[in-house]
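Single-structure report; data block below.
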Number of protein chains: 2
Amino acid sequence: MTSQTSWVPVDKNGDFSIHNLPFGIFSEGSSLPRAASRIGDFVIDLKALAGDEQAKQQLTSLRDLEGVFGQTSLNAFAERGRAVHRAVRADLQRILSQSTDLPAILKDNESLKQKVLIPVEKVKMHLPMQIGDYTDFYAGYHHAYKVGVLFRGPDNALQPNYTHLPVGYHGRSSSIVVSGTPIRRPRGQILPNPAATPKEPTTVPCRRLDFELELGCFICKPNEMGESIDINNAEEYIFGFVLLNDWSARDIQAWEYVPLGPFNGKNFGSTISPWVVVADALEPFRTEPLANDTPVQDYLKETQKKSVFDIQLEVGLTTADGDHVDLTKTSGRNLLWSFPQMITHHTVGGCPLRAGDLLGSGTISGTEPRERGSLLEMTEGGKVDVQLEKGGVRRFIQDGDSLNMRGYCEKDGVRIGFGDCEGKILPAHGA
Amino acid sequence: MTSQTSWVPVDKNGDFSIHNLPFGIFSEGSSLPRAASRIGDFVIDLKALAGDEQAKQQLTSLRDLEGVFGQTSLNAFAERGRAVHRAVRADLQRILSQSTDLPAILKDNESLKQKVLIPVEKVKMHLPMQIGDYTDFYAGYHHAYKVGVLFRGPDNALQPNYTHLPVGYHGRSSSIVVSGTPIRRPRGQILPNPAATPKEPTTVPCRRLDFELELGCFICKPNEMGESIDINNAEEYIFGFVLLNDWSARDIQAWEYVPLGPFNGKNFGSTISPWVVVADALEPFRTEPLANDTPVQDYLKETQKKSVFDIQLEVGLTTADGDHVDLTKTSGRNLLWSFPQMITHHTVGGCPLRAGDLLGSGTISGTEPRERGSLLEMTEGGKVDVQLEKGGVRRFIQDGDSLNMRGYCEKDGVRIGFGDCEGKILPAHGA
């Protein structure tokens, strides 16, 4: 990997270097949402670029994509497949490079630059994909173990199936929103006194509102119903990755979740970052997942051992009155199961995936308190305070708090990142 | 309610009398799928009807619906709201009635009749809605109790939350198919010996394949994220109902489902009947749900006490070599929670519903063995044979078996029904 520079200025700690070139959906003023890439502080209007005669002539990858880039989601582009994503990124890199061999297309073409490069402060980002189904896995081993200890003690922390298969459940696609969308604190049934018998619920605003730090993976290719996806082909089904905050109402979840799993504790909102960082951009940052001592079933055995990415993940909380704390620093390598394994397991019985489906990794935690991907873990189930910089304390999230997640990879002078995955909590109705 | 007749012949035990007039999506030959209603053995091409100048002039409800009926799903029509569904049905009833005051529109108009009334054997039915999210509830009390007894014994059969809230979980919308679509037996991880320690799974074709008899409810109106739906308005969000077979791989489910709920045991296929029987058509068959001795939270208290429908539900199994058994007879009244309660609970925390979302009731069972909505219950967990008519036996579903569900309501000479909800099991790959 050689570090490249662009003629578009990029901060050396910025997320959107020429090595990234993610895809997203933006609008400007009252325009219809359409596809973009991003470099530095500019979005790249891909429809405008693909509609330019000179660009089309020189950059073969763009030739028939103007209509695709004009759509309000990336689904059609994603469905073109990884070879097309790769070719488009390569052509973008070529014209954006400091040493471009085609300066006439964009670098020295003031009128097209005006149309194609739009300052980020002028645009609004939207959900990048029309999400068909959302599946949330539970592949963050340290999270699963810690939560298991809190609920069941160390001897039974993990269920017997945990190391045999990537445990997952179906989530709620309608509740996924893009970074910056406020999240209303949910009301719901909780047990004010969980230990009392008989159980007497009450319906109130959630008192134990939490975040969950996850990676999201977008699918670009459907499998037919009844057909499974081989582990060695699974990466072909991956469009790219986003950060995912799977907001969780712990008290609602605790009461409702037996025997069929989380429901209202999870479906009031999940936030994703707007830019889909494509799998190719993450290639240099491959690493091995956590070791699994359990022999896995044949269909889950990977030939590619470096099947996760060493993405630095950070979470910060900022209160309404400006207090702040950096809550978490961890890495995307803290998974027991890779996304290819999740995809293969998801389809082993023939479940059809579609382009635009979103898979969540499950909460990603390290082993130390401040490497935890949720407050539940960090506060030992709500029993220990987290200190904020200006003297505030938190056990769970309060009204007016903003949570922001960031993720980046850095190696050999190359840095790419995900941008913000932010959401602010509004007070519950009637609270 | 007065029994009416149509000039289109309808068998007296037929599902599609003039009192029904459900909505669905059909295609004929290579035509694009489009909207239809149905009477007797004819589908009613609604786009063709709404495109006819005379019909448009006389039937105000159809005036701006030609484009809506030309779409490949009913979503846009559903979103028009219940007043529009009602007006369209009333206009259809008016022109189809034996004593129609407008015979010139269809009854005596041979050329339009040729275009609009298409024999059912000439058409193919499709999924009626583009389904955003699918949620499956667990509101069939006798099913939940019986399954609980099988798994945990009579003292702990129901979880403490069961009578306080309609337990539900998110399902997989991509795996929902229309009646007649074959279902591939899933492969997956199971425990050959569930009692052994340590747990040693193997990956094989499902050995305990089951059906689940459910009602499905389609949503016609979105709520905004963060806003809940009041129980007294919840019926306005209901487009109509279908039969739903939530095929279940019991052995896969048993191993995978802790702690996050069913996943691959449920996402290999769910079958629905093609005709959406609108809520208005079921009005005469309202009845009270099962009594709940637990005082429910205020937000779940219904003013309309007759909040479920007395739908006669039947399930039959036919083997590849023609043996048959009528497995089940029960009623849609066997629910502890109504669909309005499910809708209200689903949104109490602000989860957004969208037009086209599907809610499943959960398995509907009576109390007697042959009133059970699944083989799991009927066979006491796979321990007791079900006898077929020609000498065959079943504990679970075998390759080549077809399951068909039927549902109808009958009262005061009026009969309406749902049509078939049928699926045949194909052998697993590599089996």
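Here is the naming used below: chain letters follow the sequence lines, and residue numbers restart at 1 for every chain.
Contact annotation: the side chain of B:Glu224 never approaches that of A:Arg184 to less than 4.5 Å [non-hydrogen atoms, C-beta and beyond].
Note: B:Leu353 CG to A:Arg172 CZ = 5.5 Å, rounded to the nearest 0.5 Å. Residue A:Thr135 holds its OG1 atom at 11.5 Å from NE2 of B:His170, rounded to the nearest 0.5 Å. A distance of 7.5 Å separates CG in A:Asp357 from OG in B:Ser173, rounded to the nearest 0.5 Å. To the nearest 0.5 Å, the span separating SG on B:Cys351 from NZ on A:Lys266 amounts to 14.0 Å. To the nearest 0.5 Å, atom OG1 of residue B:Thr203 and atom NE2 of residue A:His345 are 9.0 Å apart.
Chain A forms more heavy-atom pairs under 4.5 Å with one residue of B:Tyr169, B:Trp255, B:Tyr299 than with any other, namely B:Trp255. The greatest number of non-hydrogen atom pairs below 4.5 Å with chain B, out of A:Tyr162, A:Phe268, A:Tyr134, A:Tyr257, is found for A:Phe268. Contacts with chain B were tallied for A:Cys206, A:Gly132, A:Gly171, A:Ala249; A:Gly171 has the most, counting heavy-atom pairs under 4.5 Å. The most heavy-atom pairs under 4.5 Å with chain B, out of A:Arg185, A:Gln130, A:Glu227, come from A:Glu227. With respect to chain A, the highest number of heavy-atom pairs below 4.5 Å among B:Val167, B:Asn267, B:Ile131, B:Thr294 belongs to B:Asn267. Ranked by non-hydrogen atom pairs under 4.5 Å with chain A, the options B:Ala144, B:Pro262, B:Gly188 are led by B:Pro262.
Taking the six-membered ring for Trp and thresholds of 30 and 60 degrees, B:Phe263 and A:Phe137 have ring planes more than 60 degrees apart, a perpendicular arrangement.
At a 4.5 Å heavy-atom cutoff, the contact between A:Asn264 and chain B is made by side-chain atoms alone. Using a 4.5 Å cut-off between heavy atoms, A:Leu300 touches chain B through its side chain atoms alone.
For residues 193-201 of chain B, heavy-atom neighbours of chain A at less than 4.5 Å comprise B:Lys199, B:Pro201, sorted by residue number. Contact residues of residues 149-156 of chain B toward chain A are absent (heavy-atom distance under 4.5 Å).
Nearest heavy-atom pair, B:Asp133 versus A:Ser174, reported as atom, atom and distance to 0.1 Å: OD2-N, 2.9 Å. Across all non-hydrogen atoms, the minimal contact from B:Gln159 to A:Pro259 is CG-CD, 4.0 Å. The heavy-atom pair separating A:Glu256 from B:Asn161 by the smallest distance is O-ND2, 3.4 Å.
Put simply, the side chain of A:Gln189 gets close to the backbone of B:His164: a donor and an acceptor are under 3.5 Å apart.
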